[in-house]
Amino acid sequence: MMTAIALDGWYHPDATTFGDRLAGAREQAGMTQGELAKRLGVKKKTMEDWENDHSEPRANRLSMMAGLLNVSISWLLTGQGDGPSEPEGAVLSRTASGLLSEVREISVQMRLASERLVRVEKELQALMREPEIA
């Protein structure tokens, strides 16, 4: 038998990324990626990149986004401040909650590894451009 736990901490700052918070607030507002993208005047691909933490919006879009989603800019960026309210009666089983935490942890590790890969690749390319000293 699985024990259900409330979604307390669903948007905990240590467990979520900007993209997680954006996607969650968008869903809470009842909008699709395409709908929010259109209202912000950006392409759906741009919205996907933001939600997948591949890029972040500029300040003017961030401000518009916070207003449309009824959350604070600070909450979108850091998880601190006014965020969306939890859906009434929302619960996750302990198993699902644990898996969700693991997915988030893996996502953070993958992002860090990706950033490291880009840095190492740039260093290697710079070394390869240097003239060889005999």
Side-chain angles (χ1 to χ4, degrees):
M1 180 173 133
M2 292 190 288
T3 307
I5 58 172
L7 281 178
D8 293 334
W10 175 259
Y11 296 110
H12 191 277
D14 294 336
T16 58
T17 65
F18 169 81
D20 293 332
R21 289 185 291 275
L22 172 57
R26 176 185 53 73
E27 290 170 2
Q28 288 280 74
M31 284 188 257
T32 66
Q33 283 182 333
E35 290 168 338
L36 183 55
K38 185 175 183 178
R39 293 181 79 178
L40 291 170
V42 299
K43 295 179 180 178
K44 184 177 179 224
K45 171 74 169 108
T46 301
M47 182 64 58
E48 290 170 2
D49 287 345
W50 292 342
E51 289 190 6
N52 291 320
D53 294 305
H54 294 272
S55 64
E56 291 185 358
R58 292 187 179 153
N60 61 333
R61 297 277 191 245
L62 188 62
S63 178
M64 289 172 57
M65 186 184 303
L68 288 169
L69 299 175
N70 199 30
V71 297
S72 70
I73 293 172
S74 174
W75 181 83
L76 279 172
L77 292 172
T78 67
Q80 305 285 330
D82 295 330
S85 57
E86 290 182 9
E88 289 185 32
V91 294
L92 281 179
S93 70
R94 288 199 188 277
T95 303
S97 181
L99 290 172
L100 182 60
S101 293
E102 188 173 352
V103 165
R104 288 184 178 138
E105 182 180 327
I106 291 168
S107 176
V108 168
Q109 290 171 357
M110 287 175 63
R111 183 173 42 87
L112 293 173
S114 176
E115 291 169 0
R116 181 177 170 210
L117 178 62
V118 168
R119 180 186 52 80
V120 170
E121 185 177 30
K122 284 180 183 178
E123 288 179 26
L124 181 58
Q125 288 174 350
L127 283 173
M128 293 173 66
R129 284 190 293 259
E130 292 179 5
E132 191 173 317
I133 301 173

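Side chains included, hydrogens not; waters and symmetry mates left out as well; all remaining heavy atoms used.
When Glu115, Glu123, Glu121 are each tested for a side-chain hydrogen bond (donor to acceptor under 3.5 Å, both in side chains) with Arg119, only one passes: Glu123. A salt bridge (Lys or Arg N to Asp or Glu O under 4.0 Å) with Arg26 is found for exactly one of Glu35, Glu51, Glu48, namely Glu51.
Distance CE/Met110 to CG/Asp53: 11.5 Å, rounded to 0.5 Å. Put simply, CG on Asn52 and CG on Leu22 are 10.0 Å apart, with the number rounded to the nearest 0.5 Å.
Looking at Leu124 and Met128, their side chains come closer than 4.5 Å, going by heavy atoms from C-beta outward. Inter-residue side-chain proximity for Leu40 and Thr46 is flagged as unmet; no heavy-atom pair is nearer than 4.5 Å. With a 4.5 Å cut-off on side-chain heavy atoms, Asn70 and Gln28 do not count as touching. The shortest distance between side-chain heavy atoms of Met31 and Leu69 falls below 4.5 Å.
Of all the heavy atoms in Ala66 and Ser72, the pair that sits closest is CB-C, 4.1 Å. Considering every non-hydrogen atom in both Arg61 and Val42, the closest pair reads NE-CG1, 3.2 Å. Nearest heavy atom pair, residue Lys44 against residue Gln33, reads CE-OE1, 3.7 Å. Contact record, Pro57 with Met65: CG-CE, 3.8 Å, taken as the closest heavy-atom pair. Across all non-hydrogen atoms, the minimal contact from Leu76 to Phe18 is O-CD1, 3.1 Å.
Side chain of Asp20 to backbone of Thr17: a donor-acceptor contact under 3.5 angstrom is found.
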